[in-house]
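Step one of this worksheet: look at the structure below.
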Amino acid sequence: MPVAELTRNAVHVLPTGALETKLELGRPLRVKLGIDVTSPDIHVGRGIPLQRMRAFQDEGHTGILIVGDYTTRIGDPSGRSTERPILSDEEIDRNAETYVEQALQIIVPERTEVRRNSEWLAGLSFADVIQLTRMMTVAQMLERDDFAGRYAGGQPISVSELLYPLMQAYDSVAVEADIELGGTDQLYNLLAGREVMQAYGLEPQVVLTTPLLMSWDGEKMSSSVGNNIPLTASPEEQFGRTMRISDDLLQEWYRLVLEERLSVDSEPLDAKLALARRIVARSHGEEAAVAAEGHFTRVVREGRAPDDVPEHPLPDGDTLHLPAVLSDAFGLSTSDARRLIAQGGVKVEGRVVEALDIPRAELAGALVQAGKRRFVRLTS
RNA sequence: GCAGGGAUUCCCGAGUGGCCAAAGGGGGCGGGCUGUAAACCCGCUGGCUCAGCCUUCGGAGGUUCGAAUCCUCCUCCCUGCACCA
């Protein structure tokens, strides 16, 4: 079987030769990927290791999707400069549900086992936990850049965070993983899994990492930062967000997201439009993708109102206070609305308005634009 | 436990009695430029019934005509020392 296909785009495949050895076993391998449920959405960047899982499934292997409902209570410290916020149990459950649904957009449901790590972690006794903690030293933990940085910078590191890699490692024990996938930021955690598996008398897993996808702001794509493209976002939203990435990222996105090569001399604009279309099509289908592009062309490139402008009722009165109307219609504070008007960012029927109080007749039925992309049709 | 340092507006971070709704940067927003993006330039960035008023500087009290700035207590964080059970 084509190993190159399975390890496409991989950064680390460790240890060397171990994957080949596993493949020679001739049985379906158990390919694990753990996901944190800190936010309700999977985004395009998180899709990358899922695409690897898909590749394994296409070769007949089994995907083990671990929903980190229990680990989310602690929060993965990887790459973090501060502690993560703690989510409520209800939020975790809600997120877990939508997560799986989205992941199944990419992976093959029939060859996927979905497991929650509370299944085994919740039942561990204190003695079990102690045994687990013996497998790693504080010095090993503090070697990690993220911990080292926080420690040196006087930032708090709670002991519970140190437990995170061990919990994730224990997941591998529980599901007897043959391979664990993850972003490059997971390398430490994945390798910890090997150590722990060995200590529990299991054949250690092969570790395969994929690159982190950089977003338009030059940071890694992350739900908490907000520079993400959620698989659940609307077609227009996905399209627009994709178009925000810088031209420099195009090659990388083609390689990682589409798993294709983009020829170096392509027109950036055309390439990006095609990329956006493909990303939307994956979540919403071809038709939606074409519509999303139409919307983008019309609203963003040509600066015209979209086809379907939301309507908003006008309040009573003969003279209307525009800031109040805008704040109501667009969900702004009236102060924000005033600033928008003062800066010439508000148009009624295509004309910039300066007045704060406007006769009702001028607003009734009018198309109102706030900034470049927000539109509303006022109804009386 | 002892000693010292710290908590500021979305984030980082200045500010030690009035000139502070609070410097600067980031982010965001608006405008310009443009092929989407980026870069660049200008402006804005607590709220409101907006030339005025109201609420903010970890929490609660207090001093003062006046406090983010001073005092008291509390909460949380960091560092060093001590502790080695």
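Throughout, protein chains are lettered first and strands after them, A, B, ... in sequence-line order, and every chain is numbered starting at 1.
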Whom does [N] pair with, Watson-Crick or G-U wobble, provided both distances fall under 3.5 Å?
| N | result |
| --- | --- |
| B:rU16 | none |
| B:rG66 | none |
| B:rA22 | none |
| B:rG4 | B:rC78 |
| B:rU72 | B:rA60 |

According to a strict under-4.0 Å criterion, is [X] in side-chain N/O contact with OP1 or OP2 of [N]?
| X | N | answer |
| --- | --- | --- |
| A:Arg339 | B:rG30 | no |
| A:Arg374 | B:rG30 | yes |
| A:Lys272 | B:rG35 | no |

Please state how far atom [atom1] in [X] lies from atom [atom2] in [N], giving the value in whole angstrom units.
| X | N | atom1 | atom2 | result |
| --- | --- | --- | --- | --- |
| A:Asp336 | B:rC44 | CG | C1' | 9 Å |
| A:Ile341 | B:rG31 | CD1 | C1' | 15 Å |
| A:Tyr254 | B:rA37 | OH | P | 17 Å |
| A:Leu326 | B:rG30 | CG | C1' | 13 Å |
| A:Asp248 | B:rA37 | CG | C1' | 9 Å |
| A:His295 | B:rU36 | NE2 | P | 16 Å |
| A:Ile229 | B:rA37 | CD1 | C1' | 12 Å |
| A:Phe296 | B:rG35 | CZ | P | 13 Å |

Using a heavy-atom cut-off of under 4.0 Å over every strand shown, decide if [X] touches base, sugar-phosphate, or nothing.
| X | answer |
| --- | --- |
| A:Pro323 | nothing |
| A:Ile245 | sugar-phosphate |
| A:Arg241 | nothing |
| A:Thr334 | base |

Self-check item: base_contact_polar (B:rG31 base, A:Gln343 side chain, donor-acceptor, <3.5 Å)
Solution: no
Practice problem: Look at the side chain of A:Asp247 against the base of B:rU36 and say whether a donor-acceptor pair falls under 3.5 Å; ignore hydrogens and angles. | Solution: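 For A:Asp247, whose side chain was compared with the base of B:rU36, there is a donor-acceptor pair (under 3.5 Å).
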Self-check item: Minimum heavy-atom distance between A:Thr232 and A:Gln238, given as atom pair plus value
Solution: N-NE2, 4.3 Å
Self-check item: Plane angle bin for A:Phe239 and A:Phe296 - parallel if under 30°, tilted between 30 and 60°, otherwise perpendicular
Solution: tilted
Quiz item: B:rC70 and B:rU8: how far apart are their P atoms, nearest whole angstrom?
Solution: 16 Å
Self-check item: Among B:rU36, B:rA38, B:rC50, the nucleotide that comes nearest once only the side chain of A:Ser335 is considered
Solution: B:rC50
Quiz item: Of all the nucleotides listed (B:rC48, B:rA37, B:rC50), which has the minimum atom distance to the side chain of A:Ser333?
Solution: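 Ranking B:rC48, B:rA37, B:rC50 by closest atom to the A:Ser333 side chain puts B:rC48 first.
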Quiz prompt | Comparing A:Ala324 and A:Ala370 on RNA chain B - which has the more 5′ nearest nucleotide | solution = A:Ala370
Exercise. Between A:Arg301 and A:Arg338, name the one whose nearest nucleotide on RNA chain B is closer to the 5' end.
Key: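 First, find each residue's nearest nucleotide; the 5'-ward one identifies A:Arg301.
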Quiz item: salt bridge (Lys or Arg N to Asp or Glu O under 4.0 Å) between A:Arg111 and A:Asp58: does it pass, once the steps are laid out?
Solution: CA-CA 9 Å; A:Arg111 292 203 183 119; A:Asp58 287 343; 5.2 Å; no
Quiz item: Within the side chain of A:Arg298, is there an N or O that forms a donor-acceptor pair under 3.5 Å with the backbone of A:Ala305?
Solution: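 Present.
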Quiz item: Side chain of A:Asn117, backbone of A:Tyr70: donor and acceptor closer than 3.5 Å?
Solution: yes
Practice problem: Evaluate whether atom CZ of A:Arg351 has more than 12 neighbouring non-hydrogen atoms of other residues, nucleotides or ligands under 6.0 angstrom away. | Solution: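 No, the 6.0 Å shell around CZ holds no more than 12 heavy atoms from other groups.
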Practice problem: With A:Phe330 as reference, evaluate A:Leu340, A:Asp336, A:Val368 under the side-chain contact (heavy atoms from CB on, under 4.5 Å) test and give the passing residue. | Solution: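 The residue from A:Leu340, A:Asp336, A:Val368 that satisfies side-chain contact (heavy atoms from CB on, under 4.5 Å) with A:Phe330 turns out to be A:Val368.
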